[in-house]
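Take a look at the structure below.
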Amino acid sequence: MSSETETTAGRKGYVFEIVKAVVIALVLSLVFVLIAAFAIKFFNIPTGAVPVINQVIRTLAVFLGCVISLRRPGSGWLRGVITGLTYSALAFVLFSVMGGGFTWDITLLNNIAFGTAAGLIGGIVAMVARKN
């Protein structure tokens, strides 16, 4: 096999891992949001806590998506950052459509920052975990 073919196959593997991580993070987000909605209703949690709960859910989903999916060696931090950014964009669209409208505010910037940071940390943790 030529080195060009190996490089192309390696890139496709990295892209597949990122796509897989984003899909896992989106599914986890939806599941966690449903669980949180039931908990909020059942335990009468104040509505002021909802944004914090949503941010924790998004951050945890990206982190877990990276740790579960990123397996190939090298550049875990970069693939984690790409995962976090991609997730943030797709989650914004998905939750905006579900919520009935797009809102451009500081929350979007927070989601991007936390998603990127969670992806960065998740990518690093995934690489360290694979070495051990």
Side-chain angles (χ1 to χ4, degrees):
M1 191 184 279
S2 72
S3 80
E4 183 178 326
T5 305
E6 290 172 6
T7 304
T8 303
R11 284 188 198 134
K12 286 181 183 177
Y14 286 133
V15 170
F16 176 74
E17 281 187 351
I18 292 169
V19 170
K20 183 178 170 184
V22 170
V23 169
I24 288 171
L26 287 169
V27 169
L28 287 174
S29 290
L30 291 170
V31 170
F32 291 159
V33 163
L34 283 173
I35 293 169
F38 284 119
I40 289 167
K41 180 127 175 102
F42 186 72
F43 295 111
N44 294 325
I45 296 172
T47 57
V50 173
V52 174
I53 293 169
N54 282 337
Q55 195 60 62
V56 168
I57 287 171
R58 290 170 183 255
T59 302
L60 185 62
V62 171
F63 177 81
L64 290 174
C66 288
V67 170
I68 292 168
S69 299
L70 302 182
R71 299 193 177 277
R72 291 175 173 265
S75 301
W77 67 271
L78 179 60
R79 289 180 286 141
V81 166
I82 294 168
T83 298
L85 288 170
T86 306
Y87 165 84
S88 296
L90 292 177
F92 171 70
V93 171
L94 177 67
F95 287 107
S96 293
V97 167
M98 288 173 44
F102 292 86
T103 304
W104 302 91
D105 60 5
I106 195 73
T107 305
L108 176 59
L109 293 177
N110 275 344
N111 291 340
I112 292 169
F114 276 96
T116 303
L120 172 72
I121 295 167
I124 292 170
V125 168
M127 294 302 102
V128 170
R130 302 293 177 251
K131 287 182 183 178
N132 296 333

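All values below come from the heavy atoms of this structure, side chains included, with hydrogens, waters and symmetry mates left out.
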Are [X] and [Y] linked, directly or through other ILVMFWY residues, by side chains that come within less than 4.5 angstrom of each other?
{"X": "L78", "Y": "V128", "value": "yes"}
{"X": "L34", "Y": "I57", "value": "no"}
{"X": "F38", "Y": "L60", "value": "no"}
{"X": "I53", "Y": "L94", "value": "yes"}
{"X": "V50", "Y": "L30", "value": "yes"}

Where is the tightest heavy-atom contact between [X] and [Y], given as atom of each residue plus distance?
{"X": "T83", "Y": "A21", "result": "CG2-CB, 3.7 Å"}
{"X": "C66", "Y": "G123", "result": "CB-N, 3.9 Å"}
{"X": "I24", "Y": "S69", "result": "CD1-OG, 3.2 Å"}
{"X": "T47", "Y": "P51", "result": "O-CD, 3.6 Å"}
{"X": "I121", "Y": "F63", "result": "CG2-CE1, 3.9 Å"}
{"X": "G74", "Y": "M127", "result": "N-SD, 3.8 Å"}

Ignoring hydrogens and geometry beyond distance, is a side-chain donor-acceptor pair present between Y14 and S75 at under 3.5 Å?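 Y14 vs S75: no donor-acceptor pair found between side chains.
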Go through T116 and I112 one step at a time and tell me if the side-chain contact (heavy atoms from CB on, under 4.5 Å) criterion holds. CA-CA 6 Å; T116 303; I112 292 169; 4.1 Å; yes
[X] (side chain) donor-acceptor with [Y] (main chain) under 3.5 angstrom:
{"X": "R79", "Y": "V15", "value": "no"}
{"X": "Q55", "Y": "F114", "value": "no"}
{"X": "S88", "Y": "N111", "value": "yes"}

Is it true that atom CZ of F16 has more than 12 heavy atoms of other residues, nucleotides or ligands lying nearer than 6.0 Å?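 Result for CZ/F16: open.
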Distance, nearest 0.5 Å, that separates CZ of R72 from CD of E17: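 Answer rounded to 0.5 Å: 6.0 Å.
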Apply side-chain contact (heavy atoms from CB on, under 4.5 Å) to R58 and Y87, showing your working. CA-CA 9 Å; R58 290 170 183 255; Y87 165 84; 3.4 Å; yes
Please report the C-alpha distance between N54 and F95 in whole Å, then the side-chain angles of each, then the deciding distance to 0.1 Å, and finally whether the side-chain contact (heavy atoms from CB on, under 4.5 Å) criterion is met. CA-CA 11 Å; N54 282 337; F95 287 107; over 6 Å; no
